Each structure stands twice: as structure tokens, then as C-alpha cells.
Amino acid sequence: MFNFILKRKTVDYAVTLFLLALGIMIIYPFLWMLSVSFERLANVELPFPPRLIPENFSWFNYKLVFENGMLIKAYLNSLTVAVFNVLLSVGAALLAGYAFSRGSFPGKKILFFVVLATMMIPFETRLIPMFTMFNSAGMINSKAPLIFPSILNALGILLAKQYFDRLPEGLRESAKVDGAREFTIFIRIFVPLTGPITATLAILAFQDSWNSFLWPLVVINDQALKTVPLFLSSFSGEDGQRLLGLTMATATMSILPILLVFLFFQKYIIRSVALSGLKGE
Amino acid sequence: MKWGNGQEHIRPTEMLKSLNRFRSKRESYLFWYMFLLPTILGIALFMLYPMIESFRLSMTRGGNEKFVGLDNYSRVLTSETFYHAVYNTLYITVFQLLIALPLGFIIACLINSLSKGKNFFKVLFYLPNVTSMVAAATVFLAVLHPEGLLNFALSKLGFPATIWLAHPTTAKWGVILLSVWNWLGFVIIINLANLQSISSDYYEAASVDGATRFQQWWKITIPNMTGSLGILFIVGWIGGLQRFSDAYMLGGLQGSPARSLHTIVGFIFERGFGGHEYGLASAASYVLFAFILFITFLNTKLSKMKI
């Protein structure tokens, strides 16, 4: 076949070139977004034909976005919610994962089955009672409904359990012989070993929290409490097809920080995503 | 401890010992339950209660929650709007999967075949998935603009310009493109992870036997990939049935134009929070649940996986 004629290296080059072309196509919308965001007149009329280098380069759109200040506020909201979500869901998942891995107690199997079963229950089926529950607790338009539900993290429990399962049993036995109590064993011996799984769980929880849209849309309508996706959606919903310069500047500012985080931690993030994906939702 | 086999006489000290052991065992049970307390609390408050309450609500109507039996279900299942929403959801998801799965698989195979630059391409293709769907959709609103990127590219290829978000079919294709663009990176990452877990021994043995790279791909790679493609298929279906953000961002609350972007979750959202029809929305949400259970059931049958 072709391989006999073409040298391996030539194939490699051809594949690289092809992937590069495809990759540029994939990220082209982002590059174009950047270009439109710097276009002085993009709010009047979308520059046509599309170009990568703006014709009338200006910081005008960014100036407006920052002067308005709502996006920065949304950023702080998203960040606060994400930090609490990570702490709560990772903490609860490590505790439960440890109990399911090392504990022996009545009902362990049934409880674990229940935890796994919750993964099949779509959030949408619980949406309305979740709303009415937080509503009657007077917590609508607060960060509470965005934070508390993350305490149940079934996928995290599964991943943490599997991680603890792989740690040698001798760890616990030797500490027990020394007379250490279970909680001390967990804190002193196991928690320091959980670095990799904690990082994975934290990344997944952060992503979930950061990208979540439907639930915040239901429980938040106070401008000052909006998260980034909420702010972006209300902004582009009103002006998405009109003030494109401003919309693209807002979109750029909402994507850029998370993009930098991704590029910085890409290895961990991609590994975590692969791990979570291969376990099935 | 040997209990009650009738052959050994149990002395009082031993009884005391076993009693102590029993007591400390109970303490250690309690201790493990403490570890599980946050999770049990979460299940009770955010899973069990909402599921029961949603089921109860699905049998009621109005602010006074009058009991109406299964009437909401029959209203949902005979509602043209709901059928339309189901149709839209399935249409978008079928094409999203038909395009993204093979494309992502092939790209993953190509990336995996490279000797250099694997990581670079992994990152490059994953970029659209890093951003939230809302941000991706905002960018896409401009891409689909009558004078946007897509029309420009099409006109270069000789196709006429289309006002994408003005016609039901083209609007759906706008969402399909957006969802493929957003999801492709995930498909590639999962496929790559699985490709890299295939032992290189197989390939070495095959090339010793003189198999070409294409033959190796066909006979070794494809059979080894059915598992992860199956998982992606199921995850894609479940995610697709729950789709909301992409269609909502392009079509708004009513899934405009002409409700062509109205999805199942969009229906639940609109009826529940736009119309305060909690009963009807809850019934629709249970129909969605049944859909997803069915898909999950198919999954376990197909992959013979234990839940």
C-alpha cells in the first residue's frame, strides 16, 4: 500500500499539516472573536469580509466592558461559588470514598449502590422541587443554592474509592497496630497521599461549577449575583446580534482567564477529563 | 469467636471480651457513618426529596396543588409542543453524534500516529471545550451572523449566504455545528486515552507479520476501540437528551425560530419557570428521566457493564 512507497516521515508531515489546517479551522472562531473585539466600529456594523487584523484597532470595547464593571463582579461571583463547590464536593467525596474503600459497616453495599444510582438521575427531573425547596428557605438570589448541592458528588466518590482501593492495605494495618484511631489514620496517613486524586476531583468540580448554566439561571436573577455564564447570556441575549464589538470583548474577557488556567494546567486537566469520561457519566 | 456450636463452653471473661468487641464494633460503625454523613445528607436533600416531590407535583395542578392523577402525563404526551421539543432534541443529537464521533475518532487516530506534537494537537483541539457552552455559543452567534464567518467561508466555496437563525432547519444546523465544535475535543481526548492504552505489542507483532498500517488500524485499533466509542455514544446521548444551553443561547426561551430550537429541557424550563406550571413541567421531567433510563439500560445491555 501507500506506506511502502511513502516513507514514514513523509506521512508524518502530511498528517501534521492536515491536523494543523483542521486545528486552525477549529480555533478560528476564537481568533476572529479577538479581532472583532478590537474593532472600533464593530458595534455599528460587523466588519466584512471577516479579517484577523482589525482595520480600526482600538481598546474602546474593552474600556466599556471594564468601566461597566459587571463582568468583573460576575467573575468574582463565579470564582467564589467555584471555590466553595470545590471544597465541599472534594471533601465529601474523599470522606465517602475512603469509607467505601476501607470501612466495614452494615449497609455498605446498598449505600454504594445508591450513590452510583444517583448518577443516572438527571438534574432536570429534580429541578422544580430544588427550586421550591430553596425558595421556601428564602435562599433564592443567594449563593447558597449554587453551593450546597455540590455536597453530593457521586462520580467523585467512585473515583476516590478506586484511588483508595489501590493504596496498600498495610498502611492502615500498621498504623492500627500502633494504636492510632481511624480518623487519625485517615488524616495523617491517607490524606497526604491523595494529591493526584484531589487534583483531579478539584479540576472536575471547578469545571462543573464554572460552566454551570441552567441551575444559576433558575435561582439567580439579581444582576449583582450573576455568574459569568449568566452575565454573558443576558448580555448576548439582548445585544448578541447587534453590539458585536462589545459582545465579543465581553466573551473574550470571560474566556481568557479560564483559557490561561487551562494552558497552565493542561496536562492535569486533560488527564482528569479522560479519567472522568472513561468511567462514563 | 465461635458462637453456639455447642461444643465449646463459653467462659464469662470471654463473654465480656466479645461484648466489648461488639461495643467497639458499633462505635466503629458509627465512625464510618460519620464519614458518609455529608454524602447521606446530600442524597436525602438533593436527590431523594426532590425525586419524590417532583413525582408528587407531577400529579397536581395549579397553585393549590389539586390532585389530577396522571392527567399531566397524558397532557405532556399529547402536547404538540412537547413532541416538537422531543423531535428537535433528537434531531440535533443524532447529527451531533453522527458527525462528532467518527470525526473525533479519526482525528484521535491521526494525532496518535504522530511521532511528535501529540500534546500540542491535543490542546489545540480541546480548546473549544474549555470554555463554557454559553461563551462558545456567544462566539457562535457571531459566526452564524448573516455577515459572519460561516457565510463568508461558504460564499468563498460558492454557496449562497444563509440567514442561519431565521429558518427552522438551518437554525437547528447552527446548534449542531456549535455542539460538534464544542464536543469534538472531548471525543478526541477520550479516544486518545483509549488508543494509548492499546498495548504496542499487538502492533509490533502485526508489523513483523508484514501488516500495513491501514491493516493494523482496521484489525487492531478498531476492535479495541469499541468500548470507548460505546461509552462516548451513551454519554453523548444522555448529554444530548439533556441539552439546553446551546439551543437556549441561539433560540431563547421559546426556541425561536418557530420553536425549532425548543428542547425537552427547554420545555421543562419554559413551563416550570415561565408559566409556573410545576405539575406539567414535573411530568415532562419524569418523561425525560424515563428516556434517560432507557438509554442507560441499553448501555448496560450493550456493554454488559455492571452498574
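Being a predicted model, the structure only gives us computed values, none of them experimental. All chains are named by letter (A, B, ...) in the order of the sequence lines, taking the proteins before the strands, and each is independently numbered beginning at 1.
For chain B, the nearby parts of A:T118 are the backbone and the side chain; heavy atoms of each come within less than 4.5 Å. B:L184 touches chain A through its side chain: at least one heavy atom from C-beta onward sits under 4.5 Å away, while N, CA, C and O do not. Of the two parts of B:L149, the backbone and the side chain both hold a non-hydrogen atom closer than 4.5 Å to a non-hydrogen atom of chain A. Looking at B:Y278, the atoms closer than 4.5 Å to chain A (heavy atoms on both sides) sit in the backbone and in the side chain alike. For B:N119, the part sitting under 4.5 Å from any heavy atom of chain A is the side chain, from C-beta outward, and nothing else. The parts of A:F148 that come within reach of chain B are both its backbone and its side chain, each placing non-hydrogen atoms under 4.5 angstrom from that chain. There is no contact between A:R271 and chain B, counting heavy-atom distances below 4.5 Å. Looking at A:T250, there are no atoms closer than 4.5 Å to chain B (heavy atoms on both sides), in backbone or side chain.
Put simply, of A:L230, A:V261, A:L217, A:L259, the one with the most heavy-atom pairs under 4.5 Å next to chain B is A:L217. Counting heavy-atom pairs closer than 4.5 Å to chain B, the top residue among A:A154, A:G107, A:P149 is A:P149. Per-residue heavy-atom pair counts under 4.5 Å with chain A were compared for B:Y286, B:F120, B:F55, and the maximum is reached by B:Y286. For the set A:P29, A:S212, A:A96, the entry with the most heavy-atom pairs within less than 4.5 Å of chain B is A:P29. Options B:G252, B:G148, B:A137, B:G239 differ in how many heavy-atom pairs under 4.5 Å they form with chain A, and the most are formed by B:G148. Note: A:G103 leads A:S150, A:G97, A:G103, A:S254 in heavy-atom pairs under 4.5 Å with chain B. Most heavy-atom pairs under 4.5 Å with chain A, from the set B:Y49, B:F140, B:F152, B:F269: that is B:F152. Chain A forms the most heavy-atom pairs under 4.5 Å with one residue out of B:I107, B:V139, B:L250, and that residue is B:V139. When each of B:G117, B:S113, B:G272 is checked for heavy-atom pairs under 4.5 Å with chain A, B:S113 comes out on top. Contact count against chain B (heavy-atom pairs under 4.5 Å) is highest for A:Q266 among A:M33, A:Q266, A:K267.
Counting heavy atoms of neighbouring residues, nucleotides and ligands inside a 6.0 Å radius, atom NZ of B:K118 exceeds 12 of them. When the shell of 6.0 Å around CD1 of B:I163 is examined, it contains 12 or fewer heavy atoms from other residues, nucleotides or ligands. For CG of A:L52, the number of neighbouring non-hydrogen atoms (other residues, nucleotides, ligands) closer than 6.0 Å is greater than 12.
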Determine, step by step, whether A:W215 and B:F46 satisfy the ring-ring contact (aromatic ring centres under 6.0 Å, His included) criterion, reporting the C-alpha distance in whole Å, the side-chain angles of both residues, the deciding distance to 0.1 Å, and the verdict.
CA-CA 13 Å; A:W215 180 232; B:F46 305 125; 8.9 Å; no

May I have the step-by-step check of side-chain contact (heavy atoms from CB on, under 4.5 Å) for B:W32 and A:R102, ending in yes or no?
CA-CA 9 Å; B:W32 289 115; A:R102 295 300 153 104; 4.1 Å; yes

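In this structure, CG in A:L111 is found 5.0 Å from CD1 in B:I40, a value given to the nearest 0.5 Å. From A:L95, atom CG reaches atom OG1 of B:T39 across 7.5 Å, with rounding to the nearest 0.5 Å. One finds the CD1 atom of A:I128 at 7.5 Å from the CG atom of B:L57 (value rounded to the nearest 0.5 Å). Considering CD of B:E53 and CE of A:M133, their distance stands at 9.5 Å, rounded to 0.5 Å. For the atom pair A:M130 CE and B:L45 CG, the distance stands at 9.0 Å (nearest 0.5 Å). Put simply, OG1 on B:T131 and CZ on A:F262 are 10.5 Å apart, with the number rounded to the nearest 0.5 Å.
B:L141 places none of its side-chain heavy atoms less than 4.5 Å from the side chain of A:T247. Side-chain contact between B:V134 and A:V228 is absent, with no heavy-atom pair separated by less than 4.5 Å. Residues B:M133 and A:N211 have side chains not in contact (no heavy-atom distance under 4.5 Å, counting atoms from C-beta outward). Using a 4.5 Å cut-off on side-chain heavy atoms (C-beta onward), A:F213 and B:S132 make no contact. No side-chain heavy atom of A:L152 sits under 4.5 Å from any side-chain heavy atom of B:L41. Contact annotation: the side chain of B:F35 never approaches that of A:F105 to less than 4.5 Å [non-hydrogen atoms, C-beta and beyond]. Residues B:Y33 and A:P106 form a side-chain contact, since some pair of their non-hydrogen atoms from C-beta on lies under 4.5 Å apart.
Contacts between residues 87-94 of chain A and chain B, defined by a heavy-atom separation under 4.5 Å, are made by A:A92.
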Do any side-chain atoms of residues 13-26 of chain A form donor-acceptor pairs under 3.5 angstrom with protein atoms, and if so which ones, sequence neighbours left out?
{"from": "A:T16", "atom 1": "OG1", "to": "A:D12", "atom 2": "O", "distance (Å)": "2.7"}

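With sequence neighbours excluded, the residues forming a side chain to side chain contact (heavy atoms under 4.5 Å, CB included) with B:L293 are A:M120, B:F289, listed by chain and number.
Nearest heavy atoms, A:I151 versus B:G42: CG2-CA, 3.6 Å.
Residues B:W181 and A:F30 place their aromatic rings such that the two centres sit under 6.0 Å apart.
Applying the side-chain hydrogen bond (donor to acceptor under 3.5 Å, both in side chains) test to every pair with at least one member in residues 238-248 of chain B, sequence neighbours left out, gives these pairs: A:E124-B:Q242, B:T93-B:R243, B:Q96-B:R243, B:R243-B:D246.
Checked by atom type and distance alone, the side chain of B:S54 pairs as donor or acceptor with a backbone atom of A:T125 at under 3.5 Å. Side-chain atoms of B:T138 never come within 3.5 Å of backbone atoms of A:A251 as a donor-acceptor pair (strictly under, hydrogens ignored).
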